[in-house]
Undergrad: 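A single structure is presented below for examination.
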Amino acid sequence: MVFKNFCRTTLGRLVLYMTFVISGLAVALSGVEIILANGFQLYFNDYENASTDYIYSRHFYDEVEQYVVEYGMNYLCGIPGGASVDFPLVISDEKSDILAIYNAQNLDREVQQVICKVYFSKRGNSGDILIFNDYQAAITNRLNDPLCQQIISVEAYYGEGLVGNSSIQGGLAALKIADTFKYAVYPIGVVAIILFICSFIFLMAASGHKEGINELVPGLFTRFPADILFVLTSAIIGGLIVGWIMFMDDIGGSMQYLWGTITVSILVAAACLFLFAAFCSSVAARIKLKTLIKDTLVYKICSFISRKVVSLLHAVKYLFTNLPSVPKAILIMAGIAIFEFFGLIICSNDFDILIVIWVIEKLVFTALVLFFAIGLNKLRIGGERIASGEDVVIDKKWMWGDMVKHADNLSSISLGMNKAITEKLKSERMKTELIANVSHDIKTPLTSIINYAGLVAGEKTSNPKIKEYSDVLIKQSEKLKKLIEDLVEASRAGSGNLEVELVPCDAGTFISQASGEYEEKMSKAKLTLICNQPETETMINADPRRMWRVFDNLMNNICKYSLENSRVYLILTKTSKEAIIEFKNTSRDELNISTEELMERFVRGDKSRNTDGNGLGLSIAQSLTTLQGGELKVTIDGDLFKATLRFPLAK
């Protein structure tokens, strides 16, 4: 933990960078040392033999030969000397007599070795000069060529300490260093590699962290875009390497600049290693911050362009989507027309290509039209099935645009209708169960109240008020009992849970029964009942008990709400398909209520609610009529109230 915190400090990072650079230089120098030692064969040869082999290698011989040829040519042409050299040169004739000596202060012919010897032959006054590396070849040429005047030789010598600025001196210095460290380089290299790898790992681990801060912290280099930083780092490292190469070409392998060359090489390598470590540390921090890709300039530019393109496409899509179908079709046809126009312009000189494009376009257009027609057909079939009450989810395959929206809307309508119906049925069932349960719970104590009220009324007492109170109690209890029974019946009838036994019945019988049953009641209400019915039977399928309940409810309403001294009509009409029963009366009170509201439960035509009744009569009558396959319709015209029953004729 202590070392971890130390690595996150400024001093710790500096130590890691120095360790990385120094160990990297050590690894590089170790590699160069191993290459030189193997190249000079120092593991199989001593320094003396290795240096001699290097001196007489082809590389050095070619370099010396250039100077030898230059001095020989200049001598024969009458030009003294040549380029500055640090090794002795001796020009001799055929008899080995010395004609000229250059760099004589370094010459001790008794201890020197000949490195290179070249022979020259000059032909007469023509000035032609022939060069030979072999003495016998030169003599043979002279014997065969009578114009050849003389033969000279140029010898180059070498001895310890004689080479100054030639490339051989640098090679020998490198050879000396390689021989000195040829065995020590391996343990040094291993330690350097371990330090190099460990320092790199610790640098990467410490990147993005600071001492005393748990969160990741962007560093200095993370402020630059990653790709720009990569380009800058690569450019600087590349520039340093190119500059180093140019420097090495300029100075060659001169011994005079040997240590300067080594110093510059080490500084360039150290700078490259430091820049590489800094760049890798920045990359590691970006990876930890998860911003490596997002921080690049290329990503930002591409992201900006993509956002603008996406926004433009969304705008075009929004505009095209929200256009009505007709303008949308116009735009599509205009696009096709523009495509055809440019096709005509481009292919106007090549009729065959134009025909091919035309055929392809028509095939694509025909396929689109067919898919569109298939989609419309699916929508039509789906609409018909929904209209018939089926649960439909329309297949949207091969649909697009407005057709997909329309298919979704139709499917939503179907699902919504089924959900609404299910919820309604559930609600009705719950209301029915609630009414039945509550009514049952109320009915039990109510029965006891009625019984005890009767017992109280039958008791002998001298107090006349008790008799009066008991009568009121019995009357109201019976009224409450009737309300509960009607409520249960209305609930059962509305939910369809009421049993109905349909049998052929004469509708006229119900007219006659109603006339007889309500004659006295009509008289008390000062109403005149007028009945009309066909002389022949009018047979319908109905449940007599339920049918009479419908008549009973309607006639009771007429007696309660009709205007005194008015006429009430009960008319039966027979058509080819159905029987129509009409109840007509004039309302005592103003009917400022709609027929839909009047048919609801607990709604009464007498808004003062002074009359008897609970507002369930019409609702029960309608439910019972529907259960028997008939139809009850109520109409209001001013003060005229009309209830119409329609039943199909029995077959």
Side-chain angles (χ1 to χ4, degrees), residues 475 478-479 481-483 485-487 489-490 493 500 503 505-535 537-540 542-574 579-589 591 595 598-599 601 603-606 608-628 630-637 639-647:
K475 180 180 179 181
E478 291 291 344
K479 184 177 180 181
K481 182 180 180 182
K482 180 69 167 55
L483 172 61
E485 291 175 348
D486 288 347
L487 185 61
E489 185 176 12
V500 176
V503 295
C505 303
D506 182 9
T509 303
F510 297 108
I511 300 292
S512 302
Q513 184 179 354
S515 175
E517 291 281 345
Y518 281 88
E519 182 178 0
E520 182 179 354
K521 203 169 184 179
M522 287 281 182
S523 178
K524 289 181 179 180
K526 299 180 181 180
L527 299 174
T528 303
L529 179 61
I530 300 174
C531 298
N532 289 323
Q533 65 182 60
E535 295 181 358
E537 291 183 342
T538 305
M539 301 301 293
I540 60 173
D543 185 329
R545 185 161 57 96
R546 308 301 182 192
M547 192 66 175
W548 174 246
R549 181 61 191 274
V550 173
F551 271 75
D552 190 37
N553 285 0
L554 292 174
M555 294 300 292
N556 269 322
N557 281 347
I558 289 174
C559 293
K560 291 175 184 177
Y561 302 115
S562 293
L563 181 66
E564 291 184 356
N565 300 317
S566 63
R567 285 182 290 274
V568 177
Y569 294 89
L570 184 54
I571 303 172
L572 172 61
T573 306
K574 181 180 180 181
I580 302 173
I581 306 171
E582 294 179 323
F583 298 79
K584 299 179 182 180
N585 68 289
T586 303
S587 176
R588 179 178 63 247
D589 301 311
L591 295 175
T595 56
L598 191 62
M599 295 299 293
R601 296 177 185 177
V603 175
R604 295 162 63 178
D606 175 21
S608 63
R609 307 184 77 87
N610 292 324
T611 59
D612 293 336
N614 48 42
L616 294 172
L618 286 178
S619 177
I620 294 174
Q622 185 181 42
S623 299
L624 292 176
T625 302
T626 303
L627 286 174
Q628 296 176 87
E631 178 187 2
L632 170 60
K633 183 178 181 182
V634 174
T635 55
I636 298 174
D637 186 4
D639 292 335
L640 177 63
F641 176 87
K642 181 170 72 172
T644 304
L645 294 174
R646 295 177 180 272
F647 283 90

Undergrad: Could you tell me if the side chain of E582 sits less than 4.5 Å from the side chain of L572, heavy atoms only?
TA: no
Undergrad: For N557, enumerate each residue passing the side chain to side chain contact (heavy atoms under 4.5 Å, CB included) test, keeping only those at least two apart in sequence or located in another chain.
TA: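 With sequence neighbours excluded, N557 shows a side chain to side chain contact (heavy atoms under 4.5 Å, CB included) to Y561, L618, given in chain and number order.
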Undergrad: Mind checking side chain to side chain contact (heavy atoms under 4.5 Å, CB included) for T573 and listing every partner two or more places apart, or none if nothing turns up?
TA: I571, I580
Undergrad: Using 0.5 Å steps for rounding, measure from the CD atom of E564 to the CG atom of L527.
TA: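 Output value for this atom pair is 8.0 Å.
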Undergrad: If you take all heavy atoms of C505 and A542, which pair is closest and at what distance?
TA: SG-O, 3.6 Å
Undergrad: I'd like to know if the side chain of R546 reaches the main chain of A621, judged simply by a donor and an acceptor atom lying under 3.5 Å from each other, with no hydrogens or angles considered.
TA: no
Undergrad: Are I581 and L570 packed together at the side-chain level, in the sense that at least one heavy-atom pair is separated by less than 4.5 angstrom?
TA: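 Touching, per the 4.5 Å side-chain cut-off.
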Undergrad: Compare all side-chain heavy atoms of P544 with those of V503 and state whether any distance is below 4.5 angstrom.
TA: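 Contact flag for P544/V503 side chains = yes.
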Undergrad: According to salt bridge (charged side-chain N to carboxylate O under 4.0 Å, His left out), does anything in residues 521-532 pair up with another residue at least two apart or in another chain? List the pairs.
TA: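 Residue pairs with at least one partner in residues 521-532: E520-K524.
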Undergrad: Knowing that exactly one of V568, L632, L645, T644 qualifies, which makes a side chain to side chain contact (heavy atoms under 4.5 Å, CB included) with F583?
TA: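 Of the listed residues V568, L632, L645, T644, the side chain to side chain contact (heavy atoms under 4.5 Å, CB included) partner of F583 is L645.
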Undergrad: Which residues pass the side chain to side chain donor-acceptor pair (under 3.5 Å) test with S562, sequence neighbours left out?
TA: N585
Undergrad: Ignoring hydrogens, what is the shortest heavy-atom contact between Q533 and S512? Give both atom names and the distance.
TA: OE1-OG, 3.9 Å
Undergrad: Using salt bridge (charged side-chain N to carboxylate O under 4.0 Å, His left out) as the criterion, list what pairs up with K574, not counting sequence neighbours.
TA: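 Counting only residues at least two positions away or on another chain, K574 forms no salt bridge (charged side-chain N to carboxylate O under 4.0 Å, His left out).
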Undergrad: Checking I511 against F551 for the side-chain contact (heavy atoms from CB on, under 4.5 Å) test, could you report, in this order, the C-alpha distance in whole Å, the side-chain angles of both residues, the deciding distance, and whether it holds?
TA: CA-CA 9 Å; I511 300 292; F551 271 75; 3.9 Å; yes
Undergrad: Could you measure the distance from the CD1 atom of I558 to the OG atom of S566? Nearest 0.5 Å is fine.
TA: 10.0 Å
Undergrad: Taking atom CD1 of I530 and atom CG of N532, what is their separation to the nearest 0.5 Å?
TA: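 With rounding to 0.5 Å, CD1 (I530) is 7.5 Å from CG (N532).
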Undergrad: Could you tell me the separation between the CE atom of M555 and the CE atom of M522, rounded to the nearest 0.5 Å?
TA: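 Nearest 0.5 Å value for the CE-CE distance: 3.0 Å.
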Undergrad: Where do T538 and D506 land on the side-chain contact (heavy atoms from CB on, under 4.5 Å) test, with the steps shown first?
TA: CA-CA 5 Å; T538 305; D506 182 9; 4.2 Å; yes
Undergrad: Apply side-chain contact (heavy atoms from CB on, under 4.5 Å) to the pair F647 and Q628, showing each step before the final yes or no.
TA: CA-CA 8 Å; F647 283 90; Q628 296 176 87; 3.9 Å; yes
Undergrad: Please assess T586 against F641 for the test side-chain contact (heavy atoms from CB on, under 4.5 Å), listing each intermediate value before the final yes or no.
TA: CA-CA 6 Å; T586 303; F641 176 87; over 6 Å; no
Undergrad: Can you name the residues that form a salt bridge (charged side-chain N to carboxylate O under 4.0 Å, His left out) with E519, not counting sequence neighbours?
TA: none
Undergrad: Is there a side-chain contact between R567 and K584, using heavy atoms and a 4.5 Å cut-off?
TA: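 The answer is no; the side chains never approach within 4.5 Å.
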